[in-house]
There are 2 protein chains.
Amino acid sequence: MPTVKKLPRPAAKTVRPSALQAESLRQTRREHASETAEDYVEAIADLAASQGEARVVDLARRLGVTHVTVNRTLARLQREGYVRVQPYRAIFLTDSGRVLAADCHHRHGIVVAFLCSLGIPEKAAEIDAEGIEHHVSPATLAAFARQLKANKP
Amino acid sequence: MPTVKKLPRPAAKTVRPSALQAESLRQTRREHASETAEDYVEAIADLAASQGEARVVDLARRLGVTHVTVNRTLARLQREGYVRVQPYRAIFLTDSGRVLAADCHHRHGIVVAFLCSLGIPEKAAEIDAEGIEHHVSPATLAAFARQLKANKP
DNA sequence: TTCAAAGTGTAGCCAAAGCTACATTATGTA
DNA sequence: TACATAATGTAGCTTTGGCTACACTTTGAA
């Protein structure tokens, strides 16, 4: 066997320290777990506002999945206390569901507006925002808002 | 049964049209599928640069998961043509793996620099970037870069 | 040369989020 | 009222990405 001495981990040379990156990625994974919940409650709130009630088919159309997926996810969201669901009935948000929805709506608006302010076309901004909004920390959201305010007084 | 007439879908009133939002969400889900690949190849490239080679334990530490997860994911990445793996040997990127890694590295740098330019502390910027970078379209990335250039000439 | 520790691999469990296919319930209209 | 259709629900499959527990290789030092 070749005696390729394994250097004893020159930690100093690492560009992004492992611990920090590992933590960032763990954070991202945590966020991902709640992304679905956020997308659902936001869609439910929107539908309730625009149609009076949110039904499974509407949600499925809106979220781009089948009604089966919607159904199973709603069960989880009910377990987690965001929605109230009864067979063959409309879907209602709980208090905490409404809070979460409002939060998301707010965040979404800022992210889209910010991207637009950078000259990105609305449609592209919408698409990007959908992915980005779940990963924007309060500090970054505040920075976006600050920037927006500064740019159009 | 109550005769609650279901309004015939007043599409005009919908704030975000269903079709667009559904497509945005589908896009986000597609991106999510490649996030893991991006994180892995970037970590592998970094490790190869800083330590000379990337090993399973290093990756596990770096990514904040167990070596088991790393192993299974590497098998998938090999199937998809990003890495070359041999039992008990170091992990190597293929050409397309190297391209992807370079891409990600570039994108990551711009996103972090952009967030920092908004006054967000480096550490928070790193964390946010980890989540955001996978959802930034070329147009948005270009906008970030443009902004950066304009701000410090 | 041996052998313990570190690294790597495998088996098998779990949950989330997709899907198709099929069963059941509501609803509006004939 | 009856019934076709739309909406909803259920069974069961897939992939991804976590995990623990245990087995096998490598490696370096005694």
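Keep in mind that what you see is a predicted model, and the values were worked out from it rather than measured. Lettering of chains follows the sequences in order, A, B, ..., and the numbering in each one begins at 1.
- The nearest heavy atom of DNA chain C to Gly64(A) and to Glu80(A) marks one nucleotide each, and the one closer to the 5' end goes with Glu80(A).
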Walk me through it: do Asp39(A) and Glu130(A) pass the test side-chain contact (heavy atoms from CB on, under 4.5 Å)?
CA-CA 9 Å; Asp39(A) 287 338; Glu130(A) 210 64 69; 3.9 Å; yes
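- One N or O on the side chain of Thr94(B) and one on the backbone of Gly97(B) form a donor-acceptor pair closer than 3.5 Å.
- When each of dT16(D), dA16(C), dG18(D) is scored by its nearest atom to the side-chain atoms of Arg29(A), the top-ranked nucleotide is dG18(D).
- Aromatic rings from His32(B) and His134(B) are positioned such that their centres are separated by 6.0 Å or more.
- Taking only side-chain nitrogens and oxygens, Thr69(B) comes nearer than 4.0 Å to OP1 or OP2 of dC19(D).
- In this entry the distance linking CG of Leu59(B) with P of dG18(D) reads 13 Å, nearest Å.
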Contact state string [nucleotides 8-14 of chain C, B base, S sugar-phosphate only, - no protein heavy atom under 4.0 Å]
BBBB---
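- Under a cut-off of 6.0 angstrom, the local environment of CD in Glu80(B) is crowded, with over 12 non-hydrogen atoms contributed by other residues, nucleotides or ligands.
- The distance from atom CD of Gln51(B) to atom P of dG7(C) is 12 Å, rounded to the nearest whole Å.
- Of the N and O atoms on the side chains of His135(A) and Gln27(A), not one donor lies less than 3.5 Å from an acceptor on the other residue.
- Between the P atom of dA17(C) and the NE2 atom of His32(A) lies a distance of 6 Å, rounded to the nearest Å.
- Ser117(A) and Asn151(A) form no side-chain donor-acceptor contact under 3.5 Å, judged by distance and modelled atom types alone.
- Per the geometry, CD belonging to Glu31(B) stands 14 Å off P belonging to dG18(C), to the nearest Å.
- Computed from coordinates, the Gln78(A) CD to dT8(D) P distance equals 16 Å when rounded to whole Å.
- Note on ring orientation: taking the six-membered ring where Trp is involved, the planes of Phe114(A) and Phe114(B) are tilted (angle from 30° to 60°).
- The separation between Leu63(A) atom CG and dA16(C) atom P is 17 Å, rounded to whole Å.
- Dashed line: the shortest gap from a side-chain N or O of Thr66(A) to OP1 or OP2 of dC19(C) is under 4.0 Å.
- Here dG18(C) presents its P atom at 9 Å from CG of Asp39(A), a figure rounded to the nearest Å.
- Among the heavy atoms of the strands, none lies under 4.0 Å from Arg30(B).
- Here Thr36(B) reaches the OP1 or OP2 of dG17(D): one of its side-chain N or O atoms lies under 4.0 Å away.
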